[in-house]
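As the structure is a prediction and not an experimental result, all values here were calculated from the model. Proteins come first, then strands; the chains are lettered A, B, ... in the order of their sequence lines, and each starts at number 1.
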There are 2 protein chains.
Amino acid sequence: MKYSKIPEATIRRLSRYSRCLEEMDEKREEVVSSAQLATKCSVNAAQVRKDFAYFGEFGIRGVGYYVKDLLQDIKRILGLNREWRMAVIGVGNLGSALLSYKDFLKQNYKIVAAFDINPLMVIGRVSEKLGKPVEVLHVSRLKDVAKERKIEIGIIATPPSQAQSVADLLVEAEVRGILNFAPTQIKVPKGYVAKDVLFTNALDNLAYLLTNY
Amino acid sequence: MKYSKIPEATIRRLSRYSRCLEEMDEKREEVVSSAQLATKCSVNAAQVRKDFAYFGEFGIRGVGYYVKDLLQDIKRILGLNREWRMAVIGVGNLGSALLSYKDFLKQNYKIVAAFDINPLMVIGRVSEKLGKPVEVLHVSRLKDVAKERKIEIGIIATPPSQAQSVADLLVEAEVRGILNFAPTQIKVPKGYVAKDVLFTNALDNLAYLLTNY
DNA sequence: TATTGTGAAGCCTTTCACAGCA
DNA sequence: TGCTGTGAAAGGCTTCACAATA
């Protein structure tokens, strides 16, 4: 297929296909059709094929896709065929939950640093939960440590009032990717990427749907 | 404006407008134009006006919108003008972080029950964090307690392998809204609503953008 | 024969541009 | 005058339908 701009929705779906394919691979399934994958991910089969078409041809006509190969191709496309080094900023309840989030390990995401405005306060909380505790450092050390430890993604888990200023610190430290868990939208300059998780918006959405349908 | 189907994207944006308006209201700002609100929420001004137009006319030509009134209207539209009673299922690190998540209080969301497959294991973890601890109950009591406490939204904070079966339990208990934090898509029958938070997909998205731009 | 890859149609969302109005 | 409300245009994404082919 000819080259063109790739829809953001396609990238989001690739991530979902990847998860499904991992499950299939674990179950030793070897081949999958676009229709099967589509059902599993609740999308249209043509959509699945078109999503892949942005990046090349991965299937065999009359057969389908080889699970292992397709999974590897998708991971390569998403940039998941290598380790990503991350830092958590804000080691409150949410931050410490993220520090011990087991799913990161399987997915090549690695938390290599943790920061807080009061590191002494939270040390117990972290070490009690982790087999191999990550030392909690003062945020003032963010810039230096980010360089040292080659941090590429910063996870903001502070209260909303501090989210933007932490984002600014991350930008200053040249941490190019930011995942924000605070219930507020953050802004970053060109060359940087920020994603807001905004799960409270998902709750608002539920409230709306429950009220109106 | 004539009645028509409301885009899901509009509902998501209403939730963002609501947050921005709350901030403005706290700063005692009384009037806001669609252009100002648009800038603050990183959208187009015509988009803001069109979003509102689905539900009626809220502004004054030549002036703008009264912050307080608009905020109340949006909250009413979203169904946020009343309390929502929620339960958390799975009191691991993430679950207990949610139990003490302060932002819920401000937003009329109230956690009135917590469940786990091993309630005794997690009691310490919860009570240590909450001023007024929510007792952790065994999941087998979900159906009865959901009725008793009028639970309308269930928050799944279990490992991914158990997410769908917990969703099934919630459906059986007639808890109509589900917010799923496990990194897997869950399915529910008609009449029920489920939203997956999938923050690992947001990370994948970051990885993609950092790799390709 | 079964399923992929894809041009074209259809649908939905966003943006423009300006009439309408306080 | 300045900003809202909205019809129409533009743009983008999804789905259809079928040619291509292992």
Worksheet item: Salt bridge between A:R85 and A:E83, side-chain N to carboxylate O under 4.0 Å?
Response: yes

Those residues at least two apart in sequence (or on a different chain) that pass ring-ring contact (aromatic ring centres under 6.0 Å, His included) with A:F104 are A:Y101

Salt bridge present between A:E8 and A:K195 (N-O < 4.0 angstrom)
yes

In whole angstroms, the gap separating P of C:dG20 from CD of B:E57 amounts to 14 Å

Rounded to the nearest 0.5 angstrom, the CG-CG distance for A:L203 and A:L198 is 11.5 Å

Separation of C:dA22 atom C1' from B:F58 atom CZ, nearest Å, is 18 Å

- Any A:D73 side-chain heavy atom under 4.5 Å of A:F55 side chain: no

Q. Base, sugar-phosphate alone, or nothing: which one does B:Y65 contact when heavy atoms must sit under 4.0 Å apart?
A. sugar-phosphate

Exercise. Does the distance from a Lys or Arg side-chain N to an Asp or Glu carboxylate O, for B:E23 and B:R19, drop under 4.0 Å?
Worked result: no

Original post:
Are any of A:S34's side-chain N or O atoms less than 4.0 Å away from OP1 or OP2 of C:dT4?
Top reply: yes

Given the options B:L206, B:D204, B:T211, A:W84 meets side-chain contact (heavy atoms from CB on, under 4.5 Å) only with B:T211

Rounded to whole Å, CD1 of A:I11 lies from C1' of D:dC13 at a distance of 14 Å

Exactly one candidate in A:L71, A:L70, A:V32 meets side-chain contact (heavy atoms from CB on, under 4.5 Å) with A:M24; the answer is A:V32

Separation of D:dT14 atom C1' from A:D51 atom CG, nearest Å, is 10 Å

>> Would you say that B:T39 contacts B:Q36 through its side chain, given a criterion of any heavy-atom pair below 4.5 Å between the two side chains?
In response: no

Between CG of A:L37 and P of C:dG5 the distance, given in whole Å, is 13 Å

Rounded to whole Å, CD of A:Q36 lies from C1' of C:dA2 at a distance of 12 Å

Here the distance between atom P of C:dT13 and atom CD1 of B:I6, to the nearest Å, is 11 Å

- Can you tell me if the side-chain N/O atoms of B:R13 get under 4.0 Å from OP1 or OP2 in C:dT13? no

Numerically ordered, the residues 196-213 of chain B set in heavy-atom contact under 4.0 Å with DNA chain C is none

Open item on the list: What's B:F52 touching, base or sugar-phosphate or nothing? Going by heavy atoms closer than 4.0 Å.
Closed with: nothing

In 5'-to-3' order, the base (B), backbone-only (S) or no-contact (-) status of each nucleotide in nucleotides 15-22 of chain D, using a 4.0 angstrom heavy-atom cut-off, is BBB--BBB

